[in-house]
Amino acid sequence: MMQPVSQPVSGDPLLRVENLVVEYPVGNKTVHAVSGVSLDIARGETLGLVGESGCGKSTLGRAVMQLRRPVSGKVLFDGKDLTAMQGDTLRRMRRRVQLIFQDPIASLNPRRRIGDIIAEPLVIAGVKDAKKREQLVHDVLAAVGLDPQLVIGRLPHEFSGGQCQRICIARALVLNPEFIICDEPVSALDVSIRAQILNLLEEMKARYGLTLLFIAHDLAVVKAVSDRVAVMYLGRLCEVGPSEQLFAQPAHPYTALLIEAIPVPDPDVRPAESVAVGEPPSPIAPPSGCRFRTRCPRADQRCSDEMPELREVAPAQFAACHHPLIGAA
Amino acid sequence: MTGPALLSVEDVSVNLPTPRGNLRAVDRVDLSVGAGRTLGIVGESGCGKTMLSRAILQLLPKKAMLSGRVMFDGQDLVRLDRERLRKLRGRSLAVVFQDPMTSLNPVLTIGTQLIETLQEHLELDGVAAKMRSIELLAAVGIPAPEQRLMQYPHQLSGGMRQRVAIAIALSCEPKLLIADEPTTALDVTIQAQILDLLAREQRRRHMAMIIITHDLGVVAGRTDEVAVMYAGRVVERAPTPDLFKRMRMPYTEALLAAIPKIDAKPHTPLPAISGRPPDPTRPLKGCSFSPRCRYAWAQCQIEKPPLADADSPGHQYACFRPLNTAVGAPA
Ligand SMILES: Nc1ncnc2c1ncn2[C@@H]1O[C@H](COP(=O)(O)OP(=O)(O)OP(=O)(O)O)[C@@H](O)[C@H]1O
Ligand SMILES: Nc1ncnc2c1ncn2[C@@H]1O[C@H](COP(=O)(O)OP(=O)(O)O)[C@@H](O)[C@H]1O
Ligand code: SF4
Ligand code: SF4
Ligand SMILES: [Mg+2]
Ligand SMILES: [Mg+2]
């Protein structure tokens, strides 16, 4: 049941995920957190990943890093399959991939000074020269807009959420990675600070030549930074496409629903009444056929009988739906 | 504002003693809401939204010092005795918090919690209370409500829990509902459903409602009036359409500009607000927003701008250089 792999913008992909399956056992049942996801991310690209809470976004991110081993499928980073790697080989590859989390304060060790927190990846990576480590820590702190002198000696609790996220970004950048998975990096931040961090991520991406997987549940946030966007629902990809195109002409009913639900800061735009019916079903017993069918206004018999595969509905836009909103059905 | 106010908050301040000194969480706030109307209170985290709602409900931390008056339905809640307050809070004055677990008891079933509330405040018998509970759960969009009565809060999703918290809040037909970031912890699709639910129930019951949020997008289409708070103060207040069309406060403008817009092109740099709000234990002498304000001039550092009337009715702002005026900068 190989799904067609969506095409990246250009060049050979830095990351290719093939038919990835990740499950969690709970008691004698299984949570089907990620069920056959395939995607490509080109070098220098930002791929946004959106979907409701519990749909498997973080699980996918963690499985890419092999923090959670997938049940099946491949994760090809720069052409090499991470799922087949162990021990030192995997550790060396991992240095090139970093993760930034949603809760910046919780992801910093409260008892360690900022200077040590940021130097830690360098120590682990075997940078023995203390002077060199110090220099790298200084450079990266300055790059994320913090004053190294004022920051290195202090503890995480002395910083606000936005500043802690800057520190986390510095820690992720210090090893000069190629690829960063940002798992809801601004969800816990206020509107004003959120804009600062999003701008910073964009700047760092340009400066360090990064490729990003940007996970969030806020579509406007995702659109602000992504070249392409992938929409996930209950462990599967619904739709992938270039950001502007996907928002202008969504093909999958779920993408359309997500777009309609966004609150618009304009009093003349009346919120659509109850666009979103019900809640996602349990990933322990996902619906047969199309997983979205229990909430989909277009669902019919075929949708419960047959699982829709991702297929191209417009140039570079792929949707997994029997009755897409655009393109021939 | 039409009709007499059901709630009017008059010159309310909340001070909290902390190890770092006095913290002024709410600073001389005046607000009001009429029956059937919705007021939105918007501001960044820590600006005093929750403390203000707790001051209205008389649910402040013990050490907090409250001054001013909270007139609700003709009586000053600040001066009401505890027993009358407790009755009022169950019946006429209801609240929904950001985290539904704040208002739900984890060791009791949904049914027990609803039925007990109804029995206590409406003096219904067991059977009637149960019937009513089922109706309420159905009204807030919970499928198979009879079965849900037997479930515990942890067996429900975040969205479901918030629906139950709303059902409990609505159970005694309150005159005023305060919803403190009711959807901040929820997904957009669930957020839209919960906001619709609140709006529908409000219309049906002709209830007054206060929606507290940090998201201007949430208040835009769903409130009659908006108050923007910054560092404990109301810095702008206006009928919702007027606020968005003729905003006067540089802070409101900056807050709106910083929101990523769905129709903007990818990779457009966002107009972020630099810095962060002042430390509430170290209040500034001048305008609290001055260190971050792009229009600030000398006077802003020296004096606090008073909340003054704009030329459109019901619109007030606290700024020396209001947008779109002769002294202000063009918006
Ligand atoms: N360690 C675990 N054990 C069991 N189930 C888990 C575990 N981690 C995640 N899950 C389940 O797997 C599914 C996917 O979870 P995941 O955290 O990947 O979702 P998400 O899309 O990142 O959600 P959110 O937006 O809330 O962060 C959910 O149903 C979740 O409850
Ligand atoms: N129990 C408390 N004791 C001391 N300070 C508090 C307490 N609760 C809140 N504060 C402080 O009061 C201010 C306003 O807080 P709050 O009303 O919770 O803000 P908001 O709801 O707008 O995020 C903040 O500076 C906060 O740190
Ligand atoms: S396959 Fe059917 S149920 Fe699924 S999204 Fe398309 S129309 Fe809806
Ligand atoms: S009073 Fe001055 S500093 Fe304050 S918002 Fe107005 S222009 Fe800006
Ligand atoms: Mg997650
Ligand atoms: Mg609050």
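Just the heavy atoms: all of them, side chains too, but no hydrogens, waters or symmetry mates, feed the values below. All chains are named by letter (A, B, ...) in the order of the sequence lines, taking the proteins before the strands, and each is independently numbered beginning at 1.
Crowding of B:Lys245 atom NZ: a count of heavy atoms from other residues, nucleotides or ligands under 6.0 Å exceeding 12.
Top candidate by heavy-atom pairs under 4.5 Å with chain B, chosen from A:Ala224, A:Pro267, A:Gly161, A:Ser187, is A:Pro267. For the set A:Ser160, A:Gly48, A:Ser243, the count of heavy-atom pairs under 4.5 angstrom toward chain B peaks at A:Ser160. In terms of non-hydrogen atom pairs under 4.5 Å with chain A, the most contact-rich of B:Pro271, B:Pro260, B:Pro269, B:Pro266 is B:Pro266.
Looking at B:Leu256, only its side chain comes within 4.5 Å of chain A, counting heavy atoms on both sides. Proximity to chain A (any heavy atom under 4.5 Å) is shown, for B:Thr240, by both the backbone and the side chain. Residue contact with chain A, scored on non-hydrogen atoms closer than 4.5 Å, involves the backbone and the side chain of B:Lys265 alike. Both the backbone and the side chain of A:Leu219 come within contact range of chain B, with heavy atoms under 4.5 Å apart. For a residue to count as touching a neighbouring chain, one of its non-hydrogen atoms must lie under 4.5 Å from one of that chain's; by this rule A:Ser226 touches chain B with the backbone only. For A:Glu203, no part sits under 4.5 Å from any heavy atom of chain B, backbone or side chain. Contacts between A:Glu202 and chain B at a heavy-atom distance below 4.5 Å involve the side chain alone, from C-beta outward. Both the backbone and the side chain of A:Val221 have a heavy atom closer than 4.5 Å to some heavy atom of chain B. With a 4.5 Å cut-off on non-hydrogen atoms, A:Val225 touches chain B through its backbone but not through its side chain. For chain B, no part of A:Asp218 is nearby; none of its heavy atoms comes within less than 4.5 Å.
The CD atom of B:Glu44 sits 11.0 Å away from atom CG of A:Leu189, with the distance rounded to the nearest 0.5 Å. The distance from atom CG of B:Asp263 to atom NZ of A:Lys223, rounded to the nearest 0.5 Å, is 6.5 Å. For the atom pair A:Leu198 CG and B:His267 NE2, the distance stands at 12.0 Å (nearest 0.5 Å).
Checking B:Thr183, B:Asp215, B:Thr213, B:Ile262 one by one against A:Pro263, the side chain to side chain contact (heavy atoms under 4.5 Å, CB included) holds for a single residue, B:Asp215.
Pairing each heavy atom of A:Ser192 with each of B:Ala272, the nearest pair is O-CB, 4.4 Å. Across A:Asp266 and B:Ala220, no two heavy atoms sit closer than the pair N-CB, 3.4 Å.
A salt bridge does not link B:Arg276 with A:Asp190: every distance from a Lys NZ or Arg NE/NH1/NH2 to an Asp or Glu carboxylate oxygen is 4.0 Å or more.
Using a distance-only test at 3.5 Å, with no hydrogens or angles considered, a donor-acceptor pair links the side chain of A:Gln196 to the main chain of B:Gly275. A donor-acceptor distance shorter than 3.5 angstrom exists from the side chain of A:Asn199 to the backbone of B:Leu270, with no hydrogens or angles considered.
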